[in-house]
Amino acid sequence: MSAHVTAFAPGRVNLIGEHTDYNQGLALPFAIADGVSVRATPLEDALIEATALDVDERDSFSLDEVGEAEGWRAFVRGAAGELAGVGVPLRGASLSISGTVPRGAGLSSSAALEVALVLALLAVADAPEPDRLELARLCSRIENDWVGAQTGLLDQIASLFGEPDRALRIDFASLSVEPVRLDLGDFKLIVLDSGEEHTHAGSGYNERRAECAEAASRLELESLRQATLSDAERLPAPLSLRVRHVVSENARVGEAVAALEREDLDELGRLLDASHASLRDCYEVSTDAVEDAVARCKAAGALGARIMGGGFGGSVLALMPGDAEAPSGSVEVRPGQGARVST
Ligand code: GLA
């Protein structure tokens, strides 16, 4: 029997393109250095014995009857259940899970956990790794069907496809992933936790997603990717506002890629501010704690700052001059390598 394997999956920062993934839109995330590690050691029996080291909790279940659970345990059971569902012959294993990406801080600890679990279970079973887009879809089913958050594919693709020095322009209509050089020159990107923890399953996230589906259906469109600003005006509030955000945010992703190509960091900052204003006023996912964190970044000299991820709390992303003193508690972020397995 082979010895242990360790899978690591990073969290992500989304430079711009928020709440666009489940609307078949555009986004520009990158994988970060922090993430989740899962060390898997094969067992003789068809059992999963999992330990979440950071919270000192355990779970154990038979591979013949995975069953449902809550919290972090739902991710482990979902990973085993979804892999079995696509015909992967799983092997019993003891799993030790630990992470460096804070939970509920908008840095995608959930996707990092899903991706690391799935890669560890595949590796310990000596099963070949499927295509990474397939894996992203499988991981998002764990979140949708086992955890109860109707999230899109942004976080999983960022975690699986991350590259050093590159952001990823993702087109969720065609599912194309295109690396974009992220050269910040004399500037830096920081994240500042608002201190307000959020969960996608428990926040207004699912409601926003349902509102977008409702707007697309009333406009008789396949998705809001085909919508225009004048379509937005044909709908009642708040649907009109949601559409306005999605349409303008997709445009901002294109403008951000162009600004990076010409190394126009002032413009990138302006786009981050515009994204934040839209997420606050049209998408209505900001909170007082988030506004406070944005204000602290701006007071420290940020060229632009915005709420990041699902919203209703979590972290703020800011573009700062390299020599500016960032707000206390903030962390600098850079694009890093995507998920990987070591033996
Ligand atoms: C969360 C979800 C993603 C995406 C973002 C908002 O991070 O997991 O799928 O919808 O929110 O852009």
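Both ligands and their constituent atoms are indexed starting at 1 by order of listing.
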Salt-bridged, R244 to D281, with N to O below 4.0 Å?
-> no
Note: D231-R234 ion pair, threshold 4.0 Å (strictly below) =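 Yes, charged N to carboxylate O under 4.0 Å.
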Does one side chain, of E196 or T287, offer a donor that lies under 3.5 Å from an acceptor on the other?
->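 Present: a donor and an acceptor within the cut-off.
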With heavy atoms of [X] as the reference, note each atom of ligand 1 found under 4.0 Å away.
X    : answer
D21  : 3 (C), 4 (C), 9 (O), 10 (O)
T151 : 2 (C), 8 (O), 9 (O)
Y22  : 10 (O)
Y205 : 1 (C), 2 (C), 3 (C), 4 (C), 9 (O), 10 (O), 11 (O)

With respect to M308, which candidate in I16, V316, V13, L272 satisfies the side-chain contact (heavy atoms from CB on, under 4.5 Å) definition?
->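 Among I16, V316, V13, L272, the one that satisfies the side-chain contact (heavy atoms from CB on, under 4.5 Å) with M308 is V13.
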Option passing side-chain contact (heavy atoms from CB on, under 4.5 Å) with L95 (candidates L117, T51, D59) |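 Among L117, T51, D59, the one that satisfies the side-chain contact (heavy atoms from CB on, under 4.5 Å) with L95 is L117.
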[X] versus ligand 1: do any nitrogen or oxygen atoms come within less than 3.5 Å of each other?
X    : value
G152 : yes
G310 : yes
N14  : no

Can you tell if the side chain of F161 reaches within under 4.5 Å of the side chain of L133, non-hydrogen atoms only?
->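 Touching, per the 4.5 Å side-chain cut-off.
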Quick one: does ligand 1 sit under 4.0 Å from the side chain of R12, the backbone, both or neither, non-hydrogen atoms only?
-> side chain
Return a table of donor-acceptor pairs under 3.5 angstrom between the side chains of residues 23-37 and protein atoms on other chains or two or more places apart.
{"residue": "N23", "atom": "ND2", "partner": "H19", "partner atom": "O", "Å": "3.1"}
{"residue": "Q24", "atom": "NE2", "partner": "E222", "partner atom": "OE2", "Å": "3.4"}
{"residue": "D34", "atom": "OD1", "partner": "T100", "partner atom": "OG1", "Å": "3.0"}

S108 near ligand 1 by a heavy-atom separation under 4.0 Å |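 Under 4.0 Å: no for S108.
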Nearest-option assignment for atom 8 (O) of ligand 1, heavy atoms, candidates T20, D155, I16 |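 Ranked by closest heavy atom to atom 8 (O) of ligand 1, first place is D155.
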